[in-house]
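Per chain, numbering begins at 1; letters A, B, ... match sequence-line order. Predicted, not measured: the structure shown is a model, and the values here were computed from it.
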There are 2 protein chains.
Amino acid sequence: MVAQPELDFAVSTAQQVYRWLREEILRGNLIPGARLSESEISGRIGVSRQPVREAFIRLAADGLAEIRPQRGTYISRISVSAVMCARFIREAVESDLSRKVAARADAEMVRRFEAEIAAQRRALSREDAVEFVNLDDRFHRLLAVEAGEDAVWSVLEGLKSQMNRLRHITVKAFDAHKLIDQHEAIVDALRAGDADAAEAAMRRHLCEVLHDLPEIQKRAPDLFCP
Amino acid sequence: MVAQPELDFAVSTAQQVYRWLREEILRGNLIPGARLSESEISGRIGVSRQPVREAFIRLAADGLAEIRPQRGTYISRISVSAVMCARFIREAVESDLSRKVAARADAEMVRRFEAEIAAQRRALSREDAVEFVNLDDRFHRLLAVEAGEDAVWSVLEGLKSQMNRLRHITVKAFDAHKLIDQHEAIVDALRAGDADAAEAAMRRHLCEVLHDLPEIQKRAPDLFCP
DNA sequence: GCCTCCCGACTGGTATGGAAGTATGCATTC
DNA sequence: GAATGCATACTTCCATACCAGTCGGGAGGC
């Protein structure tokens, strides 16, 4: 981690440090287990320890960092059980969202989903993995929006971010082709207005990490809690 | 708010102030829209402003408080859309949990659920509303535990807390008899090992707030965002 | 060699003062 | 009387200083 953020004095320092660190963690530039030092960071970006400290507190609330009193602050390692938990919740929620969207799908809405999939294929052909992860977020977000449950996404986003950390870190490990095909299967069901099929396709899609996880865990064991 | 917490010097001050304030908010002793002051609170419990400030930050991360820069910190008002969102997620997740529990229910497990319901009836007969809300938490928590998804509860807890604020504030507004009967219907389905029935009973149970919410909103409009 | 103890260099936690922004009441002006 | 300007008393935010707990290394004793 050599980069440092450019400070904008319009918003509070603590807020900016928080956003910057969060971004660095989610992108995998700060790897699980790495140590964060209040004084080191504050010294580097030229502010006092206090705002940095407050950023740490917010990261800890997000589950992205772990503050060990009088000992140090560390990027939290990925907990397998937390990932499984996030997956379970996503499967439950997004399958319900799929049903709801399938029930109200129209031609215009289907076009919006198709546009997203087209964008995913373009990103894949450019082998732009970071962009693909962003587009994957957008696809799942669109599902919440079209279900008329925008607010649900903000909760899912927090859960999904834990899973995305895995992807950014081991960016080549997942098969984007397969994921896009699964997205397509979901959209097919939406187009047909078939709620059962949409739910089934979504559940199948969200089982995917169950396949990837052991592989990733074997390849990079120290990213995970013991 | 006249009470004040007793400080235990084993855990950090900030942590204790956070827990204390959180409890006060969830119990409805601090009502939505009320103002929080760093200096007022710190002066009252005899600590410096810093730990109080850090507690505020954590409350804001939970969505329980709102920090308006240079203006003040306020107990956040309840957002109807946030409650609806929490309800949606709970319905999706807990109906899946119900299915899973129904599939693996045995006599011993059913006894544990029955014991919870008995406790609920006792609390009701004592008209102990606070205890009843606690027991309601425990019932839904037990469901997650028996499904083997303990970690899911911690996410649900955050969502449920927003809904519980409503109950503590307008504590007489809900019909505990009806809720217990619905709990019983869920346990009946678990006893029968009938996943479909368990899911249906849970969904019906979690639709309950849809009935209560407009009534509560009409009765206490300034607890809600405009 | 091995263990124990102690010292120093860290860590996060707390206290406090001051800077900057905001709301409010009052005097002044039109 | 209505509107404007201003002093003042707040607020959060940041910087600084100090405290206490933790960890690691080296000296000394066995």
Exercise. Nearest-nucleotide wise, let me know which of B/R35 and A/P51 is further upstream toward the 5' end of DNA chain D.
Key: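 Nearest-nucleotide comparison on DNA chain D picks B/R35.
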Quiz prompt | Whichever of A/S48 and A/R71 has its nearest DNA chain D nucleotide further upstream toward 5' | solution = A/S48
Quiz item: First and last nucleotide of DNA chain D in contact with chain B, 5' to 3', at under 4.0 Å to a heavy atom: what are they?
Solution: D/dT11 to D/dA15
Quiz item: Is the shortest side-chain N to carboxylate O distance from A/E146 to A/R112 below 4.0 Å?
Solution: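 Yes, this pair counts.
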Practice problem: Flag the pair B/R111 and B/E108 as a salt bridge only when some basic side-chain nitrogen lies within less than 4.0 angstrom of an acidic carboxylate oxygen. | Solution: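 Answer for the salt bridge query: yes.
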Quiz item: Taking B/S95 for the side chain and B/M202 for the main chain, is one N or O donor matched with an acceptor at less than 3.5 Å?
Solution: no
Exercise. Please check if the side chain of A/R77 supplies one atom and the backbone of A/D222 the other of a donor-acceptor pair under 3.5 Å.
Key: yes
Quiz item: How long is the span from the NE2 atom in A/H140 to the CD atom in A/E94, to the nearest 0.5 Å?
Solution: 5.5 Å
Practice problem: Any chance you could measure B/I216, atom CD1, to B/L223, atom CG, to the nearest 0.5 Å? | Solution: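 The distance works out to 9.5 Å.
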Exercise. Examine the side chains of B/R49 and B/S42 and answer whether a donor and an acceptor come within less than 3.5 Å of each other.
Key: no
Exercise. Indicate the ring-plane relationship of B/H205 and B/H183, choosing parallel, tilted or perpendicular according to the 30° and 60° boundaries.
Key: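 Ring orientation, 0 to 90° scale: perpendicular.
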Quiz item: chain B on DNA chain C: first and last contacting nucleotide, 5' to 3', under 4.0 Å to a heavy atom?
Solution: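 Under 4.0 Å from chain B, the extent on DNA chain C is C/dG13 to C/dA23.
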